[in-house]
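Taking it in order: structure first as structure tokens, then the write-up.
Atoms within each ligand, like the ligands themselves, are counted from 1 in listed order. Atoms considered below: every heavy atom in the structure, side chains included; atoms not considered: hydrogens, waters and symmetry mates.
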Amino acid sequence: MCGIIGYIGSADAVNVVINGLRHLEYRGYDSAGVAYFNGTGVEIKKCKGKIRDLESILYTEKPSSRIAIGHTRWATHGVPSEYNAHPHHSETVVLVHNGIIENYQELKEELLREGYTFSSETDTEVLCHLIDRYHRDLPLDEALRKAIQRVRGSYALVVLSKSQPDKLVGLRKDSPLVLGIGEDGYYLASDVPAFLTRTKKVVFLDDGELVVVSAEGYRVTDLNGDSIQKSIEEITWSPSMADKGEFKHYMLKEIYEQPRAIADTLRGRIIQESWKVNIAEFGLDEDYLKRLKRVTISACGTSWHAALAGKYMIEQIARVPVDVDLASEFRYREPIIQEGDLFIAITQSGETADTLAAQREASRLGAKTLSICNVLGSTSAREADSVFFTHSGPEIGVASTKAFTSQLLSLYLFAIMLASAKGRIEQSHCESLLREATLLPEKIEMILKNEALIAEVAKRYFKVRDFFFLGRGILYPIALEGALKLKEISYIHAEGYPAGEMKHGPIALIDEEMPVLFLIQRSELRKKIYANIEEVKSRGGRVIVVKSTEEPIGNVESINIPSTNQYLESILMVIPLQLLAYHIGVLRGCDVDQPRNLAKSVTVE
Ligand code: AGP
């Protein structure tokens with residue numbers, strides 16, 4: 001997933017764009033570049049590596065310009081290199097792009113036959129020459145509207161014309177693009193943090209919308225050139241919330257933000273006078289829920305783990321059957337969706353390509369779609385029939401933490417709301433479930449106070465090569481999440497497994513080199529786990545337990561957490577696993593905010 005930003009106004013455009021790219025670094029990238037007018041023409045500076053490398057080649061020129069575009073590239077076509085870095089250009093245009101041009105090969109062959117020459121291996125460069133073909137006779141925006149009709153794929157584009165240094169043109173399809181409206185100019189970017197220090201006024205563009213921006217204003221049109229009125233939104237979170245503050249890493253900051261994030265997820269969602277869930281927040285009506293017979297949940301990665309846990313909550317609280325699908329599998333398995341089924345997409349970014357494709361497929365098959373999402377204005381949120389925003393604030397670290405616990409809480413509220421609508425829950429039970437949810441922030445604070453103990457445990461395990469995470473019931477998905485956190489942050493091979501499944505093969509891996517972390521719930525299931533622990537200990541395995549019971553367990557490392565109900569245990573149990581993965585990653589010298597090969601949002605299939 002690339003980061004793009006363009007600026008036009010009265011400030012130093014290159015400086016604005018470079019700072020904007022810094023705020024997009026979290027998206028993960030391998031090269032960067034900027035283009036600006038230098039008074040006589042367009043200057044393009046780009047390089048493989050980080051923004052600091054770009055600055056070292058840029059500021060020898062002391063550029064001053066009132067218009068500039070910039071890009072951080074996460075390679076999809078063509079190796080990370082200076083020549084593949086954006087901005088790309090043709091004779092008449094320069095542009096930056098986030099997305100994938102699926103039919104770039106056929107377009108490239110056509111353009112080569114027409115005599116165009118290429119200087120990169122990227123799909124993006126095809127767009128430059130395609131627009132160029134029309135821009136010789138048409139203004140930039142009309143040339144872009146013509147060119148884009150030939151293109152299949154996903155794109156967020158910011159384009160400037162070498163002959164028209166007074167405007168930028170932006171266009172999006174299946175890749176986010178936001179317009180920032182500032183006191184001293186206008187911004188076009190893939191994400192709000194790129195310009196949040198300069199303005200909180202934003203316009204979220206939708207697919208197929210093109211915007212022409214000058215220093216004096218902007219105009220949004222469709223691909224026919226007809227004007228579209230767009231609302232101006234005010235971003236509620238502050239720039240500091242998108243910075244690390246006093247924390248060494250975004251990941252640790254976001255782990256510590258979970259009490260507030262959980263409180264924000266709850267805010268306005270519980271009607272405390274009646275102890276009911278505020279159904280309006282889900283955008284679903286009571287009659288629909290009363291008739292609802294089946295739920296399908298689809299997501300990727302950590303969000304998929306939330307989906308798996310949500311199945312336990314919804315089926316046990318509301319007694320409605322739930323199917324859970326990996327989004328990358330859903331649309332290829334010829335899913336059976338009945339008219340009126342509810343399809344829930346869980347996505348922190350709202351831009352994950354596989355999840356968007358699953359959501360669109362479910363909608364095409366007749367499902368009603370609900371997006372549980374963390375990003376206002378994201379594609380999933382805007383395309384779904386209804387949206388439940390997790391409100392956990394910007395999540396910058398690639399490893400999802402606060403968004404995950406907010407997703408679990410969102411599914412818990414949904415389960416209670418559905419049970420109430422179906423008359424399947426006593427009001428007293430509903431009240432006790434909701435009251436317990438309001439206690440979560442302080443219980444998470446208690447766990448965070450234990451960080452030093454968890455950091456000590458990390459010191460004993462950061463050199464291992466493998467790790468098992470085991471759980472039963474709703475804690476099985478949490479075991480999967482603990483394993484994913486560890487593997488993506490520390491590069492240790494880690495597996496999450498149902499504890500009861502070990503004897504069917506995986507126990508062959510157990511020896512004194514293999515640490516096994518067990519998640520132990522308060523319910524009767526814990527006795528089964530005790531038996532599984534003995535199986536591992538008797539084979540020399542090194543055992544760590546995370547538990548909320550006071551019952552002592554001999555010869556194991558214990559991490560204790562506060563007690564709560566059987567559903568919200570999933571939230572409390574994951575906090576120590578997040579901290580364990582973080583500290584092991586730091587001890588191993590890993591880049592915990594931008595782990596190798598990973599991006600914050602996977603906007604390509
Ligand atoms: C989680 O730590 C990972 N970064 C990754 O698995 C992520 O959860 C997945 O890509 C889904 O992202 P989304 O929630 O933004 O759709």
Side-chain angles (χ1 to χ4, degrees), residues 1 26-28 74 174-176 190-191 249-252 254-255 258 261 297-310 324-330 343-360 369-384 387-408 410-411 469 477-478 480-492 494 496 574-575 577-582 585 590-605:
M1 179 186 73
Y26 71 85
R27 299 160 72 96
W74 186 61
D174 292 343
S175 199
S190 15
D191 201 353
H249 297 103
Y250 283 110
M251 182 180 177
L252 189 60
E254 288 152 10
I255 289 171
Q258 290 182 109
I297 315 177
S298 191
C300 300
T302 285
S303 299
W304 176 65
H305 298 151
L308 290 170
V324 175
D325 270 282
L326 279 169
S328 53
E329 292 292 321
F330 177 75
F343 176 94
I344 302 177
I346 302 177
T347 169
Q348 187 284 132
S349 63
E351 301 300 346
T352 300
D354 286 321
T355 306
L356 291 176
Q359 180 178 316
R360 288 164 182 159
T369 54
L370 166 67
S371 172
I372 294 181
C373 180
N374 191 41
V375 178
L376 182 78
S378 63
T379 304
S380 172
R382 281 180 296 102
E383 292 188 0
V387 195
F388 183 88
F389 286 113
T390 46
H391 291 325
S392 50
E395 187 175 72
I396 308 300
V398 166
S400 187
T401 50
K402 62 178 181 174
F404 176 63
T405 46
S406 293
Q407 290 166 350
L408 292 172
S410 305
L411 290 159
F469 290 76
I478 305 308
L480 292 175
E481 174 60 12
L484 177 61
K485 284 284 104 38
L486 185 65
K487 76 180 83 168
E488 68 175 338
I489 292 303
S490 70
Y491 315 143
I492 292 173
V574 79
I575 313 287
L577 309 189
Q578 295 167 346
L579 288 168
L580 183 64
Y582 170 78
C590 298
D591 183 347
V592 293
D593 280 336
Q594 296 175 34
R596 67 186 182 197
N597 310 337
L598 293 181
K600 181 57 188 171
S601 169
V602 183
T603 57
V604 295
E605 284 196 31

- Task: Note the single closest protein heavy atom to atom 10 (O) of ligand 1, along with its residue, its atom name and the distance in Å.
- Result: Val602 CG2, 4.2 Å
- Message: Run the side chain to side chain contact (heavy atoms under 4.5 Å, CB included) test on Glu351 and Leu356 for me, step by step, so that the C-alpha distance in whole Å, both residues' side-chain angles and the decisive distance to 0.1 Å come before the verdict.
- Response: CA-CA 7 Å; Glu351 301 300 346; Leu356 291 176; 4.2 Å; yes
- Residue, atom and distance of the protein heavy atom nearest atom 12 (O) of ligand 1 read Thr352 OG1, 3.5 Å
- Identify the protein heavy atom lying closest to atom 14 (O) of ligand 1, giving its residue, its atom name and the separation to 0.1 Å. Ser303 OG, 2.6 Å
- Note on the structure: The closest protein heavy-atom partner of atom 4 (N) of ligand 1 is Val398 O, 2.8 Å
- Query: Does Glu351 reach ligand 1, in the sense of a heavy atom lying below 4.0 Å from it?
  - Reply: no
- Protein contact to atom 11 (C) of ligand 1 [nearest heavy atom, distance to 0.1 Å]: Cys300 O, 3.4 Å
- Message: For atom 6 (O) of ligand 1, what's the nearest protein heavy-atom neighbour? Residue, atom name and distance, please.
- Response: Gly301 CA, 3.2 Å
- Would you mind finding which of Ala399, Ala306, Ser349, Gly397 brings a heavy atom closest to atom 15 (O) of ligand 1? Ser349
- Query: What are the atoms of ligand 1, with element, lying closer than 4.0 Å to any heavy atom of Thr302?
  - Reply: 1 (C), 2 (O), 6 (O), 8 (O)
- Item | Verdict with reasoning, Phe404 to Ile478, per side chain to side chain contact (heavy atoms under 4.5 Å, CB included) | CA-CA 10 Å; Phe404 176 63; Ile478 305 308; 3.9 Å; yes
- Identify the protein heavy atom lying closest to atom 3 (C) of ligand 1, giving its residue, its atom name and the separation to 0.1 Å. Glu488 OE1, 3.5 Å
- Look at the rings of His249 and Tyr582 and say which category their plane angle falls in: under 30° parallel, 30 to 60° tilted, over 60° perpendicular. perpendicular
- Item | Heavy-atom side-chain contact between Glu481 and Thr405 under 4.5 Å | no
- Message: Would Lys600 count as being in polar contact with ligand 1, using the rule that some N or O on each side must be under 3.5 angstrom apart?
- Response: no
- Are a donor atom and an acceptor atom from the side chains of Ser371 and Gln359 found within less than 3.5 Å of each other? no
- Message: Below 4.0 Å from ligand 1: does a non-hydrogen atom of Ser601 turn up there or not?
- Response: no
- Message: With a 4.0 Å cut-off on N to O distance, would you call Glu395 and Lys402 a salt bridge?
- Response: no
- Does a side-chain heavy-atom distance below 4.5 Å link Leu486 with Leu484? no
- Task: Could you list which atoms of ligand 1 come closer than 4.0 Å to a heavy atom of Lys485?
- Result: 1 (C), 2 (O)
- Which one of Thr379, Thr347, Ile346, Val604 satisfies the side chain to side chain contact (heavy atoms under 4.5 Å, CB included) criterion with Thr352? Thr347
- Atom indices of ligand 1, in the order listed, that fall short of 4.0 Å to a heavy atom of Ser400: 1 (C), 2 (O)
- Query: Going by heavy atoms in the side chains, are Glu254 and Ile396 under 4.5 Å from each other?
  - Reply: yes
